Chemist: 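So that we are looking at the same thing, I have put the structure below in structure tokens.
No experiment lies behind these values; they were computed from the predicted model shown.
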Amino acid sequence: MNFRRVIVLDLASLGVGEASDANRFESVGADTLGHIATLEGTDFQLPTLSRLGLGNIRYSDPVVGLPPVEEPIGFFGKIRSQSRENSQLSGLREMFDFQTPTRTTSVIDGIVGLLGVHSILISNYQSYLSNQNQAEVIPVNTDEGGLEQLHQQVIAPNNGLLYFRALGLSGHAQTGNRKGCIDSLKLVDQHLARLMRELYSTDLLIITSSYANDPAMDVTPTREYLPLIAYTSSLPEGKALGIRRTLADIGASIGEIFGLEVSNESTGSSFLGELK
């Protein structure tokens, strides 16, 4: 595929069930999406994310209100953090770090300058993002403001990486406000339908989460599998991507698109070859 831009939508805090190492992080039984959904039961609906395959990630253990769809339009799977740390920033670092022949660096900075490629980050203050010296950081304090910035950037014909970190879900999860979590997900879902109409055929949209935080549990963050959805209008029929072993697979995929030289696969494996 000849992708020219990658849009990463980070639904920070959204987990899809306890990870294989959940016991090491006091997270046995964690299920952010499932526990949020039970508050509304069958009234819990995210139509755009559902069409993309969010419910299909849990085909063997369906989330109430999000049954698997027969013909998802996105490529779907789940991904985990490999880091021995479990924090709000460890997953973000893992997602974008990669190994060159000489050092560990960031995909965010690494792609800048390659054939006119840019990195644009839309987020509230995060030290890791602010330290990406080659990227343009657009500060936002609300999801409404951030999503509008995202739309403006998507319709502009720039090549490179466009990253948006959602704020509402993480804020409500932190305080145990499941109703607030639902409202935040529904807001994103509505804007996502508009966003998909704005995409160019050479855009790759990746929807994921850099960490999980189940509002029904006392521990924070929780150690869970995280959603992974990839969508491009040039491939309207999706399929399963399985279970990815590290968030670094996202960075590896971005690096492959823009021709970064990666010395080995120890920090992630691209899933671009599975988008067929």
Side-chain angles (χ1 to χ4, degrees), residues 1-12 74-83 89-101 103-123 126 128-129 131-138 150 153-154 156-166 195 199-211 226-235 238 241 244-276:
M1 298 298 299
N2 185 28
F3 295 118
R4 297 179 182 173
R5 181 169 60 176
V6 180
I7 299 105
V8 176
L9 176 55
D10 181 0
L11 302 180
F75 295 80
F76 58 91
K78 54 187 180 181
I79 195 166
R80 54 161 296 188
S81 175
Q82 195 180 57
S83 173
L89 288 181
S90 60
L92 191 60
R93 291 192 296 266
E94 182 178 328
M95 185 185 300
F96 291 120
D97 283 0
F98 79 104
Q99 183 70 39
T100 71
R103 64 190 180 99
T104 299
T105 186
S106 162
V107 169
I108 296 171
D109 270 358
I111 65 172
V112 174
L114 299 174
L115 302 177
V117 168
H118 304 273
S119 285
I120 300 173
L121 314 176
I122 303 171
S123 175
Q126 301 289 336
Y128 177 78
L129 298 178
N131 288 332
Q132 305 305 311
N133 297 325
Q134 303 301 315
E136 176 186 354
V137 179
I138 300 177
L150 181 62
Q153 295 298 328
V154 165
N158 290 326
N159 298 336
L161 172 66
L162 176 56
Y163 168 85
F164 170 62
R165 184 180 178 95
L195 182 73
L199 295 176
Y200 293 85
S201 62
T202 53
D203 285 339
L204 175 63
L205 172 65
I206 297 175
I207 303 168
T208 190
S209 174
S210 50
Y211 70 96
L226 306 166
L228 176 64
I229 295 174
Y231 170 79
T232 173
S233 60
S234 58
L235 293 173
L241 292 174
R244 315 297 302 192
R245 67 181 180 88
T246 169
L247 281 164
D249 286 5
I250 294 173
S253 302
I254 295 170
E256 181 181 349
I257 288 172
F258 298 109
L260 287 181
E261 183 183 355
V262 180
S263 63
N264 57 60
E265 295 184 354
S266 63
T267 53
S269 300
S270 171
F271 51 76
L272 289 187
E274 299 177 46
L275 304 185
K276 299 177 181 178

Chemist: Enter the distance from I229:CD1 to I206:CD1 here, rounded to the nearest 0.5 Å.
Modeler: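 I229 atom CD1 to I206 atom CD1 measures 11.5 Å (nearest 0.5 Å).
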Chemist: Would you check if R4 and V117 make a side-chain contact, meaning some heavy-atom pair closer than 4.5 Å?
Modeler: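 No, side chains not in contact.
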Chemist: When rounded to the nearest 0.5 angstrom, what is the spacing between CG in L89 and OH in Y128?
Modeler: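 So the CG of L89 and the OH of Y128 are separated by 10.0 Å.
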Chemist: Going by heavy atoms in the side chains, are I257 and L272 under 4.5 Å from each other?
Modeler: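 Yes; the side chains approach each other to less than 4.5 Å.
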Chemist: Checking side chain to side chain contact (heavy atoms under 4.5 Å, CB included) for the pair T232/L205: CA distance, chi angles, key distance, verdict?
Modeler: CA-CA 6 Å; T232 173; L205 172 65; over 6 Å; no
Chemist: Ignoring hydrogens and geometry, is there a side-chain-to-backbone donor-acceptor pair from S270 to E256 under 3.5 Å?
Modeler: no
Chemist: State, with a plain yes or no, whether a side-chain heavy atom of F258 is found less than 4.5 Å away from one of F3.
Modeler: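 No, too far: nothing below the 4.5 Å cut-off.
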Chemist: Which residues satisfy the salt bridge (Lys or Arg N to Asp or Glu O under 4.0 Å) test with E274, sequence neighbours excluded?
Modeler: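 Per chain and number, E274 pairs via salt bridge (Lys or Arg N to Asp or Glu O under 4.0 Å) with R244.
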Chemist: Look up atom CG in L161 and atom CD1 in I120, then write down how far apart they are to the nearest 0.5 Å.
Modeler: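 Those atoms lie 9.0 Å apart.
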Chemist: For the residue pair S209 and L11, what are the closest heavy atoms and their distance?
Modeler: OG-O, 3.0 Å
Chemist: Would you give the length of the straight line joining atom CD1 of I250 to atom CD of E94, rounded to the nearest 0.5 angstrom?
Modeler: 9.5 Å
Chemist: Partners of V137 by side-chain contact (heavy atoms from CB on, under 4.5 Å), sequence neighbours excluded?
Modeler: L121
Chemist: Are the side chain of S119 and the backbone of I108 linked by a donor-acceptor contact shorter than 3.5 Å?
Modeler: yes
Chemist: Side chain of R5, backbone of V154: donor and acceptor closer than 3.5 Å?
Modeler: yes
Chemist: If we ignore hydrogens and angles and just use 3.5 Å, is the side chain of D10 paired with the main-chain N or O of S210 as donor and acceptor?
Modeler: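 Here the side-chain-to-backbone pair exists.
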Chemist: S123: which residues meet the side-chain contact (heavy atoms from CB on, under 4.5 Å) condition with it, sequence neighbours left out?
Modeler: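 Per chain and number, S123 pairs via side-chain contact (heavy atoms from CB on, under 4.5 Å) with Q126, L129, R165.
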Chemist: How close do L247 and G91 get, counting heavy atoms only, and between which atoms?
Modeler: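 Looking at all heavy atoms of both residues, the closest pair is CD1-O, 3.5 Å.
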Chemist: Taking the six-membered ring where the residue is Trp, are the ring centres of F75 and F271 under 6.0 Å apart?
Modeler: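 Aromatic pair excluded; centres sit 6.0 Å or further apart.
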Chemist: State the CG-CG distance between L204 and L162, to the nearest 0.5 angstrom.
Modeler: 12.0 Å
Chemist: From S83 OG over to L92 CG, what is the distance, rounded to the nearest 0.5 angstrom?
Modeler: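 The OG atom of S83 sits 12.0 Å away from the CG atom of L92.
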Chemist: Verify, without hydrogens or angle tests, whether D203 (side chain) and Y200 (backbone) share a donor-acceptor contact under 3.5 angstrom.
Modeler: yes
Chemist: Grab the two heavy atoms, one from A12 and one from A166, that are nearest each other, plus how far apart they are.
Modeler: CB-O, 4.1 Å
Chemist: Just by modelled atom types, is the S106 backbone N or O under 3.5 Å from a matching donor or acceptor in the D97 side chain?
Modeler: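 Checking the backbone N and O of S106 against the side chain of D97, no donor-acceptor pair under 3.5 Å is found.
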Chemist: Taking all non-hydrogen atoms of both residues into account, name the closest pair between N2 and T202 and its distance.
Modeler: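 Result for this residue pair: O-CG2, 3.6 Å.
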Chemist: Taking the side chain as every heavy atom from C-beta outward, state whether L235 and L275 have any pair of such atoms under 4.5 Å apart.
Modeler: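 Heavy-atom side-chain distance check passes, below 4.5 Å.
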Chemist: Is the shortest heavy-atom distance from the side chain of I254 to the side chain of F96 under 4.5 Å?
Modeler: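 SC-SC contact between I254 and F96 confirmed.
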Chemist: Write down the atom of G268, the atom of D249, and the distance for their closest heavy-atom approach.
Modeler: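 Taking every non-hydrogen atom into account, CA-OD1, 3.3 Å.
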Chemist: Is there a side-chain contact between I122 and Q153 in this structure, where contact means two heavy atoms from C-beta onward sitting under 4.5 Å apart?
Modeler: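 They are in contact (side-chain heavy atoms under 4.5 Å apart), so the answer is yes.
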